[in-house]
Amino acid sequence: MLKLVNISAHYGAVPVLRRVTLHVDEGERVCLLGANGAGKSTLLKVLSGMHRPSAGEVLFRGTAIQGKSPEEIVRKGLAQVPEARQLFPNLTVRENLELGGYIHGRRKLRETMDEMMELFPVLRDRQTQKAGTLSGGEQQMLSIARALMTRPKLLVLDEPSLGLAPLIVEEIYATLEELNRQGTTILLVEQNALGALDVCHRGYVMETGRIVLSGTARELAEHDEVQRAYLGRD
Ligand code: ATP
């Protein structure tokens with residue numbers, strides 16, 4: 001579904017990604033772990049078309065997408081749930097979802113909206129409420145639902161657990177598992193290694209712009225380096 005081959009990226013002359021190679025197969029739930037500043041957000045900007053890599057190739061469903069516009073990438077079926085949710089706080093839940101579905105005609109927009117209300121009853125109950133007045137967990141659900149309005153094949157999430165209580169995080173991860181069972185492939189970018197490894201099949205660990213480890217979720221969870229750096233165990 002997604003394949004990055006030797007992706008390098010810079011801000012000016014400063015290298016941020018160094019020959020990153022990874023892949024996500026159809027139907028998988030894959031996580032990308034890394035501490036602050038490892039380059040995860042930059043990698044996501046490359047995926048969404050917001051930052052042009054200086055070298056390498058991004059293949060999505062068989063075609064190269066590096067250099068394509070964010071809109072073209074969304075239309076091909078790759079949607080992102082951005083860090084910190086980035087909702088329109090003064091618009092209602094329904095209006096935020098409508099904006100998410102802007103690529104559809106009116107009929108498909110209505111159908112997709114109905115599906116989202118079914119999938120997220122909490123949003124149905126709060127359709128007319130302003131997004132900025134929702135709780136943190138509800139805002140995260142809205143941000144996920146807004147990305148799903150594009151009907152993506154691959155959903156990429158940037159730290160959806162950030163700042164949320166453990167129970168809410170569990171609920172969000174359960175939603176991701178359900179979406180995955182219904183056919184959406186998932187790439188989850190997290191600092192929260194414990195939660196991400198619990199919910200994903202496979203993962204990669206990134207440090208200073210490089211992939212330094214990869215393996216099944218179990219292999220990574222048992223790896224000394226991951227235990228020390230991300231799970232706080234000696
Ligand atoms: P976080 O989890 O804190 O968002 P991250 O792993 O997503 O971290 P990035 O945001 O990709 O990391 O940042 C990687 C490096 O690139 C950091 O050293 C950061 O300071 C630098 N960087 C990020 N954005 C820019 C920018 N617009 N201009 C210059 N340097 C940047």
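Order of appearance sets the numbers: ligands from 1, and atoms from 1 within every ligand.
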For the residue pair [Y] / [X], report whether a side-chain donor-acceptor contact shorter than 3.5 Å exists.
X	Y	value
Ser161	Glu190	yes
Thr112	Arg151	yes
Glu178	Thr175	no
Tyr11	Thr42	yes

Which ligand 1 atoms does [X] reach within 4.0 Å, using its non-hydrogen atoms?
X	value
Lys40	2 (O), 5 (P), 6 (O), 7 (O), 8 (O), 11 (O), 12 (O)
Ala38	5 (P), 6 (O), 12 (O)
Glu159	2 (O)

Give me the residue, atom name and distance of the protein heavy atom closest to [atom].
atom	result
atom 23 (C) of ligand 1	Tyr11 CE1, 3.3 Å
atom 15 (C) of ligand 1	Val16 CG1, 3.7 Å
atom 4 (O) of ligand 1	Ser41 OG, 3.2 Å
atom 9 (P) of ligand 1	Thr42 OG1, 3.7 Å
atom 12 (O) of ligand 1	Gly39 N, 3.1 Å
atom 8 (O) of ligand 1	Gly37 N, 2.7 Å

- [ ] Taking atom CZ of Arg181 as the centre, report whether more than 12 heavy atoms of other residues, nucleotides or ligands fall under 6.0 Å from it.
- [x] yes

TODO: Identify whether the distance between the nearest side-chain nitrogen and carboxylate oxygen of Lys76 and Glu72 falls below 4.0 Å.
DONE: no

Task: Within reach of ligand 1, part of Asn36 (heavy-atom separation under 4.0 Å) - done: both

TODO: Please work out whether any backbone atom (N, CA, C, O) or any side-chain heavy atom from C-beta onward of Met206 is under 4.0 Å from ligand 1, and answer side chain, backbone, both or neither.
DONE: neither

Open item on the list: Is Ala35 close enough to touch ligand 1? Criterion: a residue heavy atom under 4.0 Å from a ligand atom.
Closed with: yes

TODO: Check whether any side-chain heavy atom of Ile144 sits under 4.5 Å from a side-chain heavy atom of Ile172, and report yes or no.
DONE: yes

TODO: Answer with yes or no whether the hydrophobic clustering places Leu179 together with Met149; edges join I, L, V, M, F, W, Y residues whose side-chain heavy atoms lie under 4.5 Å apart.
DONE: yes

